[in-house]
Asks: 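Shown below is the structure under consideration.
All residue numbers refer to positions in the sequence shown, counting from 1.
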Amino acid sequence: MRRIAMVLGGKFPPDIRVEKEAMVLIDAGFEIYIFAFGKRIVDEYNKIKIYSCERTPFFPKRAVENMRFFAFHYHPKFATFIRAGIEKLKPDAIHIHDIPFFKTAYLAGKLLNTKFVLDLHENYPAALLEYRKGKRGIEWFKYFLGGNYKAWKRYERWCIKRSDGIIVVADESHKRVVDQYRIDPNKIIVVSNTLEKSIFELPFDERYSSEIRNKGKILLLYLGGFGAHRGIDTAIKAVWYIKDRCPSLKLLLIGGVKEYIERINGLIKSLNVSEFVEVIPWQDYRMVRTIIESVDICLVPHNRSEHTDTTIPHKLFQYMAFGKPVVVSDAPPLKKIVEKERCGLVFEGGNYIDLGEKILEIIPKMREFGENGRKAVLENYIFEKTDGKRLVEFYRELLK
C-alpha cells in the first residue's frame, strides 16, 4: 500500500481541502499521514493518522523561531519532527500544502527516496499583498517580517523547481504557474475546491433557520473569511445604494475576524445601514447547510487582483449546491463558472453600483438561477467524481 505524508502549516482538523484530498486518497487505497504544526487535537480523524508538532510554549523562544522562519522559510523544530516521522513511516510521497513550509518539509525528507508534491491552495505571494491590507500593530509587523512580494516569488520558484508534481485550484492558476515559471504543464494538475458528496448530509436546524428567516424578507448572504480583498465593503455600499428601492432587503455577513469586523461595523455606521446589514460571528461548519438554505441570494464580491483572479472559493459551490442564486465579481474563475452554468449574475469587481443593480436584477430570477446551480453541482462539481478522481490518477501515475 502506497503511503503519502501530508505536511500542513497549521492545526488539523479542520481544513476542508486537506480533508477532502486525504479521504479520496484513502478510499482509493492509499495510507495518509498528516504532519500538522500546532496544538494536538486528535491523533486520528476519519482514518487519517495525525502527528502534531506543538509550537514552542515559551514566548521569547517561539518569537525567535518565528523570525528565523520568516527570514529563511525554514523551521528547525518542525523539520526535526517531520524527519523523525518520515524516517519511521518511509512514505512514497510528501505532499506539502502551500509554500510556507515547503522548504522545511523538503529539507527534512530530501535524502529519502520519495516524491515531493506541492499543493498550491492559492497564489501565495499575491495573497500576502491582499492579506497585509488593513493590518495594524503586531499583525502588520508579522507580515512585514514575512518579506515582500518579490522575495516570495523567488521562494515560490524555488519550491516549484523542486517539486515532482504540482497541484493548483483553477485553470487560471495552472496557466500562471506554466507562464511564470516555464514548467512542463504535464507536471501540474487542477484539483479545484469542489464539494464532497457528504455536504448534502449536513443537518438542517429548523430553529436556527427560523431565526435567520425572521431577519428580513429578502436575505443576502456572504459566508466565509473577512478581509480587504473579499469585497465586503462593496457589498455593504451596494446595499446602501439600493435600500430605498428594496427596503425589505437585508445583508448577512457571517464569519470574519475581530479586527476586520470592527472596520466593517465602522462602515455600516457611517453609511447608516445598520437596519440593512448584520454581522454574525463564525458558525460551526455543520451549520453551512442551514445558513445557506435559509437565505435568498448569495454573494462572492471579491475584488479583482492577481490573487483572486487565480483562485476559486469553496463558498461558490456551497451556495450552488443548496440551490441559491449567486452574484459574483468578474474575477475570471468566478465569472467562468457562473456564466457557464447560468446560476447567477456577474458584476464588475469593486463597483458597488453595478453590484446593487445586479442584486435587484436577480430577485425575479432567483428560483431559475438557484435550480441551475444545484443541478450543475450534482452533474459537474462533486469532488469524488471529478477533482478527487483526477488526484487519485495523478498519484497512481506518479508512484507507479
Asks: Run H121 and H97 through side-chain hydrogen bond (donor to acceptor under 3.5 Å, both in side chains) and show every step you take.
Replies: CA-CA 7 Å; H121 292 201; H97 289 278; 2.8 Å; yes
Asks: What's the spacing between L316 CG and I337 CD1 if we round to 0.5 Å?
Replies: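 It comes to 5.5 Å.
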Asks: For the side chain of T80 and the backbone of P76, is there at least one donor-acceptor N/O pair under 3.5 Å apart?
Replies: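 Side chain of T80 to backbone of P76, a donor-acceptor pair under 3.5 Å: yes, one is there.
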Asks: Answer yes if the side chains of T310 and S173 hold a donor-acceptor pair under 3.5 Å, and no otherwise.
Replies: no
Asks: Decide, yes or no, whether a salt bridge links E278 with K250 under the criterion of side-chain N to carboxylate O below 4.0 Å.
Replies: yes
Asks: Tell me, do F69 and V64 make a side-chain contact under 4.5 Å, heavy atoms counted?
Replies: no
Asks: Per the ring-ring contact (aromatic ring centres under 6.0 Å, His included) rule, which among F102, W152, Y155 passes with Y124?
Replies: W152
Asks: Side chain of S329, backbone of H302: donor and acceptor closer than 3.5 Å?
Replies: yes
Asks: Quick one, M287 and D205 - any side-chain contact, counting heavy atoms below 4.5 Å?
Replies: yes
Asks: Counting C-beta onward and ignoring hydrogens, is there a side-chain heavy-atom pair between L253 and I236 closer than 4.5 Å?
Replies: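 Yes, at least one pair of side-chain atoms sits under 4.5 Å.
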Asks: Would you mind reporting whether R289 and I292 have side-chain heavy atoms less than 4.5 Å apart?
Replies: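 In short, these two side chains do not touch, never coming nearer than 4.5 Å.
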Asks: Without swapping roles, check the side chain of Y222 against the backbone of P301 for a donor-acceptor pair under 3.5 Å.
Replies: no
Asks: State whether the number of non-hydrogen atoms from other residues, nucleotides or ligands found under 6.0 Å of R68 atom CZ is greater than 12.
Replies: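 Not more than 12 within 6.0 Å, no.
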Asks: Do F276 and W240 come close enough that some side-chain heavy atom pair is under 4.5 Å?
Replies: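 In short, these two side chains do not touch, never coming nearer than 4.5 Å.
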Asks: Using distance only, find each side-chain donor-acceptor pair of residues 24-42 under 3.5 Å and give its atom names and separation, not counting sequence neighbours.
Replies:
| residue | atom | partner | partner atom | Å |
| --- | --- | --- | --- | --- |
| E31 | OE1 | R3 | NE | 2.8 |
| E31 | OE1 | Y33 | OH | 2.6 |
| R40 | NH1 | D43 | OD1 | 3.3 |
| R40 | NH1 | D43 | OD2 | 3.2 |

Asks: Provide the closest heavy-atom pair for E156 versus L120 in the form atom of the first, atom of the second, distance.
Replies: OE2-CD2, 4.2 Å
Asks: Could you tell me whether K358 and D354 make a salt bridge, using a distance below 4.0 angstrom between a side-chain N and a carboxylate O?
Replies: yes
Asks: Are more than 12 heavy atoms from other residues, nucleotides or ligands located less than 6.0 Å from atom CG of N272?
Replies: no
Asks: Are D330 and R304 close enough, and set up right, to give a salt bridge (Lys or Arg N to Asp or Glu O under 4.0 Å), and what steps lead you there?
Replies: CA-CA 7 Å; D330 56 350; R304 294 288 304 276; 3.6 Å; yes
Asks: What are the two closest non-hydrogen atoms of I312 and F317, and how far apart are they?
Replies: CG1-CE1, 3.9 Å
Asks: How about F101 and H73: are their ring centres within less than 6.0 Å of each other?
Replies: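 Between F101 and H73, the centre distance exceeds or equals 6.0 Å.
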Asks: Take atom NZ in K375; do more than 12 heavy atoms of anything else shown fall under 6.0 Å from it?
Replies: no
Asks: Determine, for K336 against D171, whether the closest basic-nitrogen to carboxylate-oxygen distance falls under 4.0 angstrom.
Replies: yes
Asks: Is the count of non-hydrogen atoms from other residues, nucleotides or ligands lying under 6.0 Å from K115 atom NZ greater than 12?
Replies: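 Counting neighbours around NZ of K115, 12 or fewer heavy atoms of other residues, nucleotides or ligands fall under 6.0 Å, so no.
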Asks: Using a 4.5 Å cut-off on heavy atoms from C-beta on, say whether the side chain of I188 contacts that of V178.
Replies: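 Sidechains of I188 and V178: in contact.
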Asks: Quick check: closest heavy atoms across I96 and F116, and the distance to 0.1 Å?
Replies: CD1-CD2, 4.0 Å
Asks: Taking NZ, NE, NH1 and NH2 as the nitrogens, is one of them in E172 or R176 under 4.0 Å from a carboxylate oxygen of the other?
Replies: no
Asks: For the CZ atom of R2 and the CG atom of L398, what is their distance to the nearest 0.5 Å?
Replies: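 Rounded to the nearest 0.5 Å, the CZ-CG separation comes to 9.5 Å.
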Asks: When you check the gap from the basic side-chain N to the acidic O, do R17 and E21 get nearer than 4.0 Å?
Replies: yes
Asks: Under a 4.5 Å side-chain heavy-atom rule over Ile, Leu, Val, Met, Phe, Trp and Tyr, are I242 and I362 clustered together?
Replies: yes
Asks: Do the side chains of V191 and I16 join up, straight or via other hydrophobic residues, at under 4.5 Å, putting them in one cluster?
Replies: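 Result: no, two separate clusters.
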Asks: Please answer whether the main-chain N or O of K110 pairs with a side-chain N or O of T114 as donor and acceptor at a distance below 3.5 Å.
Replies: no
Asks: Are a donor atom and an acceptor atom from the side chains of T56 and E65 found within less than 3.5 Å of each other?
Replies: yes
Asks: Could you check if a side-chain atom of E339 sits within less than 4.5 angstrom of a side-chain atom of R342, using non-hydrogen atoms only?
Replies: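 Side-chain contact under 4.5 Å: no.
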Asks: Is the number of heavy atoms from other residues, nucleotides or ligands within 6.0 Å of CG (N113) greater than 12?
Replies: no
Asks: Report the distance from atom CG of L271 to atom NZ of K243, rounding to the nearest 0.5 Å.
Replies: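 Between L271 CG and K243 NZ, I get 9.0 Å after rounding to 0.5 Å.
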Asks: Given the rule that I, L, V, M, F, W and Y join up when any side-chain heavy atoms are under 4.5 Å apart, are V117 and I48 in one cluster?
Replies: yes
Asks: Is a donor on one side and an acceptor on the other found under 3.5 Å between the side chain of R374 and the backbone of F322?
Replies: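 No; judged by distance alone, with no hydrogens or angles, the pair does not exist.
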Asks: Is the distance between the ring centroids of Y45 and F12 under 6.0 Å?
Replies: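 Close enough - the centres of the two rings lie under 6.0 Å apart.
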Asks: Any side-chain heavy-atom pair from D233 and I264 closer than 4.5 angstrom?
Replies: no
Asks: Hey, is the main chain of L299 close enough, under 3.5 Å, to the side chain of K315 for a donor-acceptor pair?
Replies: no
Asks: Any chain of hydrophobic side-chain contacts (each under 4.5 Å) joining L202 to M23?
Replies: no
Asks: Distance-only, no hydrogens or angles: does the T104 side chain make a donor-acceptor pair with backbone N or O of H75 under 3.5 Å?
Replies: yes
Asks: For E275, does the CD atom sit with more than 12 other heavy atoms under 6.0 Å from it, leaving out its own atoms?
Replies: no
Asks: Count I, L, V, M, F, W, Y as connected when their side-chain heavy atoms are under 4.5 Å apart, and connections chain through other members. Are F78 and Y51 then in the same cluster?
Replies: yes
Asks: With distance as the sole test, does S209 use its side chain to make a donor-acceptor pair with the main-chain N or O of E206 at under 3.5 Å?
Replies: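 It does not hold such a pair.
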Asks: Considering the options K365, R213, K324, which one meets the salt bridge (charged side-chain N to carboxylate O under 4.0 Å, His left out) requirement together with D296?
Replies: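 For D296, the salt bridge (charged side-chain N to carboxylate O under 4.0 Å, His left out) test succeeds with only one of K365, R213, K324, which is R213.
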Asks: State whether the side chain of N303 and the backbone N or O of A228 hold a donor-acceptor pair below 3.5 Å, judged by distance alone.
Replies: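 Judged by distance alone, yes, a pair lies under 3.5 Å.
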Asks: Flag yes if more than 12 heavy atoms outside F72 fall under 6.0 Å of its CZ atom; otherwise flag no.
Replies: no
Asks: Locate the shortest heavy-atom distance separating I291 from I212; write the atom from each residue and the value.
Replies: CA-CD1, 3.9 Å
Asks: If you compare all heavy atoms of I160 against all heavy atoms of I166, which two are closest, and at what distance to 0.1 Å?
Replies: CG2-CD1, 3.6 Å
Asks: What distance separates L112 CG from I86 CD1, expressed to the nearest 0.5 Å?
Replies: 5.0 Å
Asks: Check E357 with R245, please: is the shortest side-chain N to carboxylate O separation under 4.0 Å?
Replies: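 A salt bridge is present here (some side-chain N lies under 4.0 Å from a carboxylate O).
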Asks: Counting only heavy atoms not in K389, do more than 12 fall under 6.0 Å of its NZ?
Replies: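 At most 12 heavy atoms, drawn from other residues, nucleotides or ligands, come within 6.0 Å of this atom.
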Asks: Is R390 salt-bridged to D387, cutoff N-O under 4.0 Å?
Replies: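 Answer for the salt bridge query: yes.
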Asks: Please answer whether the main-chain N or O of P100 pairs with a side-chain N or O of D98 as donor and acceptor at a distance below 3.5 Å.
Replies: no
Asks: Verify whether the ring centers belonging to W158 and Y181 lie closer than 6.0 Å.
Replies: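 No, they do not, as the ring centres are separated by 6.0 Å or more.
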Asks: Which value, rounded to the nearest 0.5 Å, describes the distance between C159 atom SG and R154 atom CZ?
Replies: 13.0 Å
Asks: Output the distance between atom CZ (R157) and atom CD1 (I99), rounded to the nearest 0.5 Å.
Replies: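 That separation rounds to 12.5 Å.
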Asks: Give me the atom names and distance for the closest heavy-atom approach of L378 to K385.
Replies: O-NZ, 3.8 Å
